[in-house]
Amino acid sequence: MRFVLAFLVFASFAAAQTFDFPLASDTWSSGSNWWWSEGNTVYGDRDVTGPVTQAEVVLYLSGNGLTEGNTADLDFRLDGVTVGTLHITAEDGLGPITGSFSFDEIDSPSELRYTMASDICGGCGAINLKDALEVSTVTLSTGTATDESNWSFLKSSY
């Protein structure tokens, strides 16, 4: 029984894969470092092993010029599938801006992408993702957090 418990605990942690994203070496679509237009995007390939069902993103900005009350909606995509959206405001400052997204299984995705989901209104500001002082990350994994009832079952089996 100890082996089963140890394996289950190890397996839940072994599935997590963390990648630095975005990086200056990724592909940036905007002619400007400042984003305010729908479709502004950055993407890059990463070597993801196995299927994933959850993403934890931590995003830092190098500039946040949004005016109060306005939002930059930034889709996070895996292989072209939008798995979640960050809603960035002036109050977020330079970050960290975090998101936790659960989604249907995607088998070994390779492309990570942030895309502006909509325009920011004229005069309402913009955001800058390039050359942030802190490293932004994406952690991909399978499954969901183990709830207390599952832990109780595992403990009683031990």
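What you see is a predicted model, and the numbers here were worked out from it, not measured in a lab. When reading the values below, keep in mind they use all heavy atoms of this one structure, side chains included, and skip hydrogens, waters and symmetry mates. In this chain, numbering begins with 1 at the start of the sequence shown.
Linking ILVMFWY side-chain heavy atoms closer than 4.5 Å, directly or via other members, places Val58 and Ile88 in two distinct hydrophobic clusters. A continuous path of hydrophobic side-chain contacts links Val81 to Phe76 [ILVMFWY only; heavy atoms under 4.5 Å]. A single hydrophobic cluster is not seen to contain both Tyr43 and Leu59; linkage of ILVMFWY side chains at heavy-atom distances under 4.5 Å, directly or through other members, places them apart. Phe103 is connected to Val57 through a chain of hydrophobic side-chain contacts under 4.5 Å among Ile, Leu, Val, Met, Phe, Trp and Tyr, so both are in one cluster.
Contact between Thr142 and Val52 at its shortest, heavy atoms only, is CG2-CA, 3.9 Å. Closest non-hydrogen pair, Thr67 versus Gly123, comes out as CG2-O, 3.9 Å. Contact detail for Ser136 and Tyr60: the closest heavy-atom pair is OG-N, 2.8 Å. Of all heavy-atom pairs between Asp107 and Gly50, the closest is OD1-C, 3.9 Å. Nearest approach of Thr71 to Ile120, heavy atoms of both residues: O-CG1, 4.0 Å. Considering every non-hydrogen atom in both Asn70 and Cys121, the closest pair reads OD1-SG, 3.8 Å.
In this structure, the ring of Phe21 has its center less than 6.0 angstrom from the ring center of Tyr114.
A heavy-atom distance below 4.5 Å is found between the side chains of Asp79 and Ser110. Residues Trp36 and Cys124 fail the side-chain proximity criterion, which asks for heavy atoms closer than 4.5 Å.
Under 3.5 Å, the side chains of Glu105 and Thr53 contain no donor-acceptor pair of N or O atoms.
With rounding to the nearest 0.5 angstrom, the CG atom of Asp92 is 4.5 Å from the CD1 atom of Ile97. Going from atom CG of Leu129 over to atom CD1 of Ile127 covers 5.0 Å, rounded to the nearest 0.5 Å. Put simply, NZ on Lys130 and CG on Leu23 are 11.5 Å apart, with the number rounded to the nearest 0.5 Å. Within the model, atoms CD1 of Ile106 and CG of Leu78 stand 4.5 Å from one another, a figure rounded to the nearest 0.5 Å.
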- Working for side-chain contact (heavy atoms from CB on, under 4.5 Å), residues Val42 and Thr27: CA-CA 5 Å; Val42 58; Thr27 303; over 6 Å; no
- Could you go step by step and tell me if Leu61 and Asn128 meet the side-chain contact (heavy atoms from CB on, under 4.5 Å) rule? CA-CA 6 Å; Leu61 305 176; Asn128 186 341; 5.9 Å; no
- For Met116 and Leu74, run side-chain contact (heavy atoms from CB on, under 4.5 Å): C-alpha distance rounded to whole Å, both residues' side-chain angles, the deciding distance at 0.1 Å, then the answer. CA-CA 5 Å; Met116 286 288 291; Leu74 195 62; 4.0 Å; yes
- side-chain contact (heavy atoms from CB on, under 4.5 Å) between Gln17 and Ser141, intermediate numbers included: CA-CA 6 Å; Gln17 303 170 71; Ser141 61; over 6 Å; no
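Not one N or O on the side chain of Glu56 forms a donor-acceptor pair closer than 3.5 Å with the backbone of Leu140. The backbone N or O of Glu38 sits less than 3.5 Å from a side-chain atom of Asp119, completing a donor-acceptor pair. Looking at Thr82, its side chain never comes within 3.5 Å of a backbone N or O of Gly84 through a donor-acceptor pair.
The local environment of CD in Glu68 is sparse, with at most 12 non-hydrogen atoms from other residues, nucleotides or ligands closer than 6.0 Å.
Screening Asp75, Thr85, Thr41 against Thr115 for a side chain to side chain donor-acceptor pair (under 3.5 Å) leaves a single residue, Thr41.
Between Arg46 and Asp26, at least one side-chain N (NZ, or NE/NH1/NH2) sits under 4.0 Å from a carboxylate O, which counts as a salt bridge.
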